[in-house]
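Below is one structure. I have some questions about it.
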Amino acid sequence: MADAPAAGGCSPQQDYPTIDPTSFDVVICGTGLPESVLAAACAAAGKSVLHIDPNPFYGSLFSSLPFPSLPSFLSPSPSPSSASSSSSAAAVDLRRRSMYTEVETTGEAPEPSRRFTVDLVGPRVLYCADEAVDLLIRSGGSHHVEFKSVEGGTLLYWEGGLYPVPDSRKAIFKDTTLQLTEKNLLFRFFKLVQSHIAADAAAAGEGEGEASGKLPDEYLDLPFVEFLKQQRLSPKMRAVVLYAIGMADYDQDGVDSCDGLLSTREAVKTIALYSSSIGRFANAEGAFIYPMYGHGELPQAFCRCAAVKGALYVLRMPATSLLVDEDKKRYVGIRLASGQDIMCQQLIVDPSYEIPSLDMPCTTPVSNSPRKVARGICIISSSVKRDSSNVLVVFPPKSLEEEQVTAVRVLQLSSNLAVCPPGMFMAYLSTPCTDAFTGKKCISKAIDALFTTKASDDLEGHSETTSENNTEGVKPTLLWSCVYLQEITQGTSGTALSCPMPDQNLDYRSILESTKKLFSDICPNEEFLPRNSAPKYADDDSDSSEITR
Amino acid sequence: MHGRPRRPAKPEDAAAAEAKAAKLRDLQEHVLRNHHSRTYTKEALGLSFKLLEINPEAYTAWNYRKLAFQHNLGELSEPEAVKSAIDDELRVVEVALRQNPKSYGAWYHRKWLLNQKLAPVDFKREFGLLDKLLKMDARNFHGWNYRRFLAGFMGVPEEEELKYTMDKISDNFSNYSAWHNRSILLSNLLIKQSKGFESKQKIFSEEFELVIQALFTDPRDQSGWFYHLWLLAQTSSPENPQLIASWPSNGSNCSLSSLNSICCYSLKEGILPIVLFFNEPVKGLSSSSVRLNSDLVVGKNIQWRPLSVTDSGHSNCWVAYLEVSNLEYNSLQQFSVEVSITNSDEIVSRSGSNYNCPVHFSFTFKLSNNDVAQDTDPIHDLISWNCSEPLPSHVNPSCISFEQLKITNTSVHKESNWHLERLSDEIELFRELPDDNSKFAKLTLARLLLACAAIKSRGSSLVERKGYCDEALGFYNDLIHLDPSHKRYYEDERSLVLMDQLTCDMDALKKYFSVKVLSKLAPLNHVQLCRLSLTCIGFAERLLWVQMLDLSHNNLRSIEGLEALQQLVCLNLSNNHISSFTALEPLTKIVSLKVLDLSSNEIGSHPIDTTRYICSSPFSHKVEACEAFEECRKKNINVEEFWDAILFFKHVNLIQLGFKGNAVVDKENFRTLVLTLNPSLKWLDGARVH
């Protein structure tokens, strides 16, 4: 992990540097993706920014850790907050909480364990046409990250087997598992949506309502699953469109789950993003890309952009308390572990900090039962799909057991992303849940469905022969796994902003959405990372047509 | 590359185009001057390069470069210098292709260079160029052409090229060129019986499977349908040409008038036509490939002529005229004629397969000396056509045994079971294609059904056959409404099915058949196909014996096919949509035709004659100015305007003609023209001429 570019903070523990100046427009604590994006956006908007992080690495809850550091990150030993108050301003102690519970690890960590890099946000990918990609390009962050495509596409778990997800004309044509009528109806459905998207885009561009090709409103207001039924798609094709392409999380056939019910309008947006992702970059296969060395590279890239724009960075710098003004109405600064008080207009903290409530109306309602996501991290000896390195797998609701109400998503990564040694694969699983029992049950059922825990005959190891001999029907061997629960919190605004947690989604869309909202609270009249905010590089004319390498 | 809308030119574009044109004209002038003065210096060549860089279509510049290259080559001795000269030319082609990847001249120049074989070809570079090009536009047929050329040039195995087409099809199956190349490669591999390509059935089953994946995925994409049609044609038609009908038929007996024999009016003219009809166009009929044996001395120089209006040399229908005029009328002798076609390498179909089912048949004819025969003018009275009148009670013509007309297929394909199964499978499949109102699905279904019907007609299951035809008719009726821009094509196809149904067996034909007895004449075999909305003629091989044919009140635009009816004496084409004299060309091949009704057609009402381009005309230099033109000129007839009418009337020898109701009648001198060229004419539009 790179060092802070601005502060020469390589000093030994407890020997904190002194920060000068002592007053900033914005102080941000924690270097997760939303915080880093905000840092870059604020810096680009001309604000003076101090960005600190208690960890010696970037990313906070969005980081990618070396394998040995994972246990301590998931279950931290409570560190005594040693703050020596010396300032005159009133201060409120700042507490941190762990977002992870129910951590359960099995198996021996394969050696060399340092060569495994573990994402805390997994499974997660970016659409090629994602806003996150645009942000990277706009901010210049794309110069610091490389991507590889999830070239194996998506597999759907259906009736006990894995099937490729036909997501394009080419894929439908080549798919050998589909019936002819399924092919016909599925492509017809895609074309219908495509023409709607095109008409929509044309109408938006010209400002006039060109109706040809557009879906009528009564269709758009329909639950997506009803629309698919109208289009005569078979149950399997409905599962493909709903859960693998439309990214629905909850069972759409359930009667009582109007909460997670996907509307056609919403789903069409996702499909538009999906289809515009295919073929966006000449050298990216499929709709999704993944950052080399893990997702921790993304916040780091935005931090670099912020630093280029003048933000000050100090790592290994915990914050101990928040400073309050005389009326105890507003937070006006932060007290660092060094004891130094920094004053600021706006305070932003990552979600692991509990913001003590002041005597003022809370702007966002706090939901009583926090949403949770069950996550799994696995190390396996071979790929779930032959001849593919990076693959997505979707378990639609009810595919694992009758009581399963949420979709389980799996992302398999290979050594070509430099996250594991050759011959091994990382697999990330997640599913949203309300209680630990059902969430973890879903994850472990999915692990059982995909992998076998029994080591295959050649115990010498996970050499290349194992992966080569992996024919259909032979499951990859599970070497190590970790299942845990993570709380999801939304970004909240106020005089101290709290950023959103990594959510249950496969992409960053909703995280970036709430980050943008937070930014507009801080800088109501500023554009969020305007296009020209990117520093000029000599090779900037490439227009990112080859973002992956 | 494809499917991008054209945007209208802006005014500033016009100015730029003007400047570009001026520059081009200047360059072109220079290059032409150099060309004429045979200046092949470096500067001169540079100018031609500049021209081609802007306009790769300047063909003269390419030719100039070829001459210059050859000229300059003479002065080069070192292989290195030759190589660099070639490289320069190759680079010029590449630059030109960058400007226009579909430039014929540029591609041809490259092929020409390689064909010089002056230096070893850098195939890696060539295939690299191709890959780049086909990545840019996978459907560029010039690229595919060049690929075939290269593959042939360096001997790339066809199996490998086949794999390449598969790669391209997997990338995007909407690729006519890839499918097309596939069809070519597969044909070659099957003919050669290469390893893995021994079984046509297996290969075609796989290909059907493949293309169906494309058709079901996107039924609106045409490229797969075209490939499917090719597969269908390969599956449904016999591999080798077959003789399907003849006149006279086997065992028949012809004479001028006798109740026990076929009456033959052409005997009056002193000739006996022998007509052979094949299931597909063939060429190569001659006195050596078709043997004639007769107790009559028929002369050695029997000539087989294709009966066709195109001059490709291939024809379904061939005729030979036996001269019998020198025979004595009084002799009541019967002459017999035997016709035999053996396995012959000379008779070849368009696709190159040989005729391989030996056929032998014989017939007799005699000349009688009754009164009728001596009358030099057989049709005295005006023939009346009464198509509204019901036909007289059915007379089964004793002289025609319908089955005799057909040459029975001696070799029913042993594979035809597979063919039928395959076709039935396809029909079932496309019936299940979710209704898309896809015109291609309907068209393909119609064709599949007709292919099944054709196979069934070889057997005896006529009921099934009728079912197939009826359903196909339904599809064509749908298509006429569904796809109006191709209405005429569907109408023609529908006409063919109708003709097939009307003539497929004697029971069907009975309704339309009668024997017309005219005073002082031998009875005529009369067929009446009126008010059936026919737009074209089909299955002429089943009507070879017809002498009087009523086709009035149809929508005929073309009468191609009637030329096979060498016995035709009277023909009624009134109330149709024939729009030109050139469309009547088939009639000029029928020697016996005496009575023709063309009234109420559209001849002369359309300023543009769409059939002209395929027929012989003075403009295509195929017809020499004949004396008929001179004759007409003398009578102040505008030959330039009426050349097609002159050619038509010169080649027919009519006694009765109906022509009213055509726009051309109103033109000056038209009547004079008709009378001048047809001196034997007795009735014109129902009135006596002389």
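The chains referred to below are lettered A, B, ... by the order of the sequence lines, with proteins before strands, and numbering in each begins at 1.
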Option among Asp171(B), Thr217(B), Ile169(B), Asn172(B) that satisfies the side chain to side chain contact (heavy atoms under 4.5 Å, CB included) test with Lys170(A): Asp171(B)
Distance (rounded to the nearest 0.5 Å) between Lys191(A) NZ and Arg220(B) CZ: 6.0 Å
Min side-chain heavy-atom separation Arg188(A)-Pro219(B) under 4.5 Å: no
OH (Tyr489(B)) with more than 12 external heavy atoms under 6.0 Å: yes
Geometric class of the Phe173(A)/Trp179(B) ring pair [parallel <30°, tilted 30-60°, perpendicular >60°]: perpendicular
Heavy-atom neighbours of Glu151(A) CD exceed 12 at 6.0 Å: yes
Neighbour count above 12 (heavy atom, 6.0 Å) for Lys269(A) NZ: no
Side chain / backbone / both / neither for Leu186(A) at chain B, heavy atoms under 4.5 Å: neither
Any Ile172(A) side-chain heavy atom under 4.5 Å of Gln213(B) side chain: no
Contact origin within Leu429(B) toward chain A - heavy atom pairs under 4.5 Å: side chain
Enclosure of Lys229(A) NZ (heavy-atom neighbours >12, cutoff 6.0 Å): yes
Spatial distance of atom CD (Glu182(A)) from atom CZ (Phe216(B)) [nearest 0.5 Å]: 12.5 Å
Asp218(B)/Lys183(A) salt bridge by N-O under 4.0 Å criterion: no
Glu432(B) side, atom CD; Thr181(A) side, atom OG1 - distance, nearest 0.5 Å: 7.0 Å
